[in-house]
Amino acid sequence: MKLALNKWATPLLMLGIGALAFSLWHRWLDHDEAMLGEHSYWFLKLGYYRSVLHEQLPNNWAVIQYSTHKFFVLLGSLSVAIFGWSIEALRIIPFIFSVNLLLILYKYSKKYATIDVSLMSRWVLIVMIFQAMFFAAFIRYRPETMLMTLGLLNFILLERYLTAGKIKFLIGAGVLGGLALFTHLNASAYVGATGLILLAQRKVIPAAIYGVVAALFGALYLHNMIAPDEFQAFLIQYRANPNLSDADWHWYSPIVKMLSEHLRFFHSPREIATSLLAIISLIGSWQWIKKEMKLLLSYLLLTILILGALSRQTPIYYLIYLPYLAVIIAAHLSRFERLTKFWKYLTVTCVVAFVIAESVYNVQLIQRRSNTAARTQEMADQIPPGSKVLAPLGFLFNALDQGYEIRSFKAFKFHIRNYDQYEDSYEGMVSFLNDSNNDFIILDHIRGNQDAFRDYRDPSLLEKGDRVGQYSVTKVFDDWTLLARVH
């Protein structure tokens, strides 16, 4: 039987684009979108970052927050200033970067084409669009697609500098690397990889120039901590970051994290399917790839090692590697006709597994479609404006602009993970609620929206008049329940 994998490239690409476009309307709201969206909102309103969602944390995030994904958040503030407060206004930012990332990859990947230029570009788009983490991130209000775009452009300009020797490419790479740092501190991996590549090629002065330019633009991250006391406050707050733990602060922590970085590639079927296809591509086309993609492989490997040493095992950071993995996979697939029979069958098996595994996640995301603004308005209609409300994070859109003070169960999750004020139990959660001084509590029945309460008690089983600490159920709706504080 003759295997003709490449004839499926165009149908798969059309299917992927269609599914992606279909998924955009009323996308399910991710928790991080609400938290970063709140940062954008308060910076636009007050000129500094804060997070009232985390009202009860001892690190003062509710008053002022010194660290966030700043360049990305500032672009979100700009979009809200233009289009008004909504999740759609915020999602414009990742959408723009996602589209540009695909266009850049489409054009850049053509340089590695061996037979059919368009075939190489089609496969790189297929890998990107089908990959479930990128599919979800396409309009997700998080900085990954922006970071991926800046990191890829940094690499492309580095490559052009090493080829042409023109200083403008080196400075351009430094600017993009610095802006990536301004976007997300994980960009240290891109900047570090670039510097090490230059040093490895004995380009000490260019490495210094790149480092200075990247540092100057990366220093924009300090824009909200100019005074010495502000920087000291940032260090104290960052040390108390509830996303981190004591294990992150030992001298040997970077070594331990680097040695376990391979786990990020096999965290779930999403990553496993992609990583296995990349591994098969590397082995199956190794002689060609090591010759034609030497710089890309070096950049990817150094990025993996540095990010592994500096970051937590957060699955979403896998996206930082995805553009380079996609190019490697596409190069292998576009050379399909030159492979031996064994590698053809193994490649087809991995491609089928990749498409199926990623599609399962993508379909699940589409099925979770929800009109967040409509649900929020239904909830807000039952609560007086200006009230203090502990609510699902989707309530921010668009109740935050209606004068509500909105808190989140996420603060309780941070408490039980990092502090010892409340125990990890229903009683501990009730104590947290009693101390919260909220006027109302909204309990969402939909799984995934507010699981911090569901972990201890099913909110859909509460009836009118039932008590949860100092709060009483006042109204029960089809998919949410309202509680009011009993005075």
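- Inter-residue side-chain proximity for F72 and P94 is flagged as met; some heavy-atom pair is nearer than 4.5 Å.
- Electrostatic pairing of E261 and R264 counts as a salt bridge here, judged by a charged N lying under 4.0 Å from a carboxylate O.
- The backbone N or O of E463 sits less than 3.5 Å from a side-chain atom of D466, completing a donor-acceptor pair.
- Atom CZ of R485 sits about 8.0 Å away from atom CD1 of I441, to the nearest 0.5 Å.
- Using a 4.5 Å heavy-atom cutoff, the side chains of L196 and I306 are in contact.
- Between V476 and L462, the closest heavy-atom pair is CG2-O, 3.9 Å.
- Judged by distance alone, with hydrogens and angles left aside, the side-chain atoms of E271 form a donor-acceptor pair with the main-chain N or O of S268 at under 3.5 Å.
- F440 places a side-chain heavy atom less than 4.5 Å from the side chain of P384.
- Across R447 and R368, no two heavy atoms sit closer than the pair O-NH2, 2.7 Å.
- Residues P323 and F155 form no side-chain contact, since every pair of their non-hydrogen atoms from C-beta on lies 4.5 Å or further apart.
- Atom OG of S51 sits about 8.0 Å away from atom CG of L57, to the nearest 0.5 Å.
- For I316 against R140, the heavy-atom pair with the smallest separation is CD1-NH1, 3.2 Å.
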Residues L300, L325; criterion side chain to side chain contact (heavy atoms under 4.5 Å, CB included); working and verdict: CA-CA 8 Å; L300 174 60; L325 297 177; 3.9 Å; yes

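- In this structure, the ring of Y426 has its center no less than 6.0 angstrom from the ring center of Y456.
- Relative orientation of the F397 and W85 rings is parallel, given thresholds of 30° and 60° on the angle between their planes.
- Relative orientation of the F138 and F95 rings is perpendicular, given thresholds of 30° and 60° on the angle between their planes.
- Nearest heavy-atom pair across L310 and S188 is CD1-CB, 3.8 Å.
- The local environment of CG in D229 is crowded, with over 12 non-hydrogen atoms from other residues, nucleotides or ligands closer than 6.0 Å.
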Worked verdict on Y422 versus D435 for side chain to side chain contact (heavy atoms under 4.5 Å, CB included): CA-CA 11 Å; Y422 304 105; D435 293 342; 2.8 Å; yes

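- Classification of the H69-H184 ring pair by plane angle, with boundaries at 30° and 60°, yields parallel.
- Formation of a donor-acceptor pair under 3.5 Å by the S260 side chain with backbone atoms of K257 is found in this model.
- More than 12 heavy atoms of other residues, nucleotides or ligands shown are found within 6.0 angstrom of CG on D458.
- Within a 6.0 Å radius of CZ in F266, more than 12 heavy atoms belonging to other residues, nucleotides or ligands are found.
- Here H223 and Y49 bring their ring centres to under 6.0 angstrom of each other.
- Exactly one of L147, L322, L105 qualifies for a side-chain contact (heavy atoms from CB on, under 4.5 Å) with L152. That residue is L105.
- Between R457 and R467, the shortest heavy-atom contact is NH1-O, 3.6 Å.
- Tested against R375 for a salt bridge (Lys or Arg N to Asp or Glu O under 4.0 Å), the candidates D478, D381, D444 yield a single pass: D444.
- Although no hydrogens or angles enter the test, the distance criterion places a donor-acceptor pair under 3.5 Å between the side chain of E38 and the main chain of V52.
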Side chain to side chain contact (heavy atoms under 4.5 Å, CB included) between I64 and N224, intermediate numbers included: CA-CA 10 Å; I64 186 169; N224 64 333; 6.0 Å; no

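- Considering all non-hydrogen atoms of both residues, S436 and L433 come closest at OG-O, 2.6 Å.
- Using a 4.5 Å heavy-atom cutoff, the side chains of F432 and I416 are not in contact.
- Judged purely by distance below 3.5 Å, without hydrogens or angles, the side chains of E358 and T274 pair a donor atom with an acceptor atom.
- Without hydrogens or angle criteria, S79 side chain to L75 main chain gives no donor-acceptor distance under 3.5 Å.
- For the pair D401 and Y41, the minimum side-chain heavy-atom distance is below 4.5 Å.
- Between the side chains of Q65 and H39, a donor-acceptor pair is found at a separation under 3.5 Å.
- Counting only distance, with no hydrogens or angles, the side chain of N434 and the backbone of Q470 share a donor-acceptor pair below 3.5 Å.
- For the pair Q313 (side chain) and H267 (backbone), a donor-acceptor distance under 3.5 Å is absent.
- Cation-pi geometry between R270 and F135 is not met at under 6.0 angstrom from the ring centre and within 45 degrees of the axis.
- Of the N and O atoms on the side chains of Y324 and T303, not one donor lies less than 3.5 Å from an acceptor on the other residue.
- Both tests hold for K70 against Y221: distance to the six-membered ring centre under 6.0 Å, angle to the ring axis within 45°.
- With hydrogens and angles disregarded, no donor-acceptor distance shorter than 3.5 Å links the side chain of T145 to the backbone of I139.
- By the 6.0 Å contact criterion, CZ on F217 is open, its count of non-hydrogen atoms from other residues, nucleotides or ligands being 12 or less.
- Annotation: side chain of L296 is in contact with side chain of I328 (closest heavy-atom distance under 4.5 Å).
- For the atom pair Y190 OH and L158 CG, the distance stands at 13.5 Å (nearest 0.5 Å).
- Side-chain N or O atoms of Y66 include none that pairs as donor or acceptor with a backbone N or O of I236 at under 3.5 Å.
- Atom CG of residue L53 and atom CD of residue E55 lie 10.0 Å apart, to the nearest 0.5 angstrom.
- Considering only heavy atoms from C-beta on, Q402 comes within 4.5 Å of Q377 through its side chain.
- In this model, no donor atom of one side chain and acceptor atom of the other lie less than 3.5 Å apart for D439 and Y404.
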Worked check of side chain to side chain contact (heavy atoms under 4.5 Å, CB included) between Y471 and N438: CA-CA 9 Å; Y471 297 84; N438 295 298; 3.6 Å; yes

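- A donor-acceptor pair under 3.5 Å is formed between the side chain of R27 and the backbone N or O of S23.
- Note: F265 and Y321 have parallel aromatic rings, judged against thresholds of 30 and 60 degrees for the angle between ring planes.
- Rounding to the nearest 0.5 angstrom, the gap separating the CZ atom in F395 from the OG atom in S408 is 12.5 Å.
- Rounding to the nearest 0.5 Å places OG of S98 at 11.0 Å from CG of L103.
- Cation-pi geometry between K410 and F414 is satisfied (NZ or CZ under 6.0 Å from the ring centre, within 45° of the ring normal).
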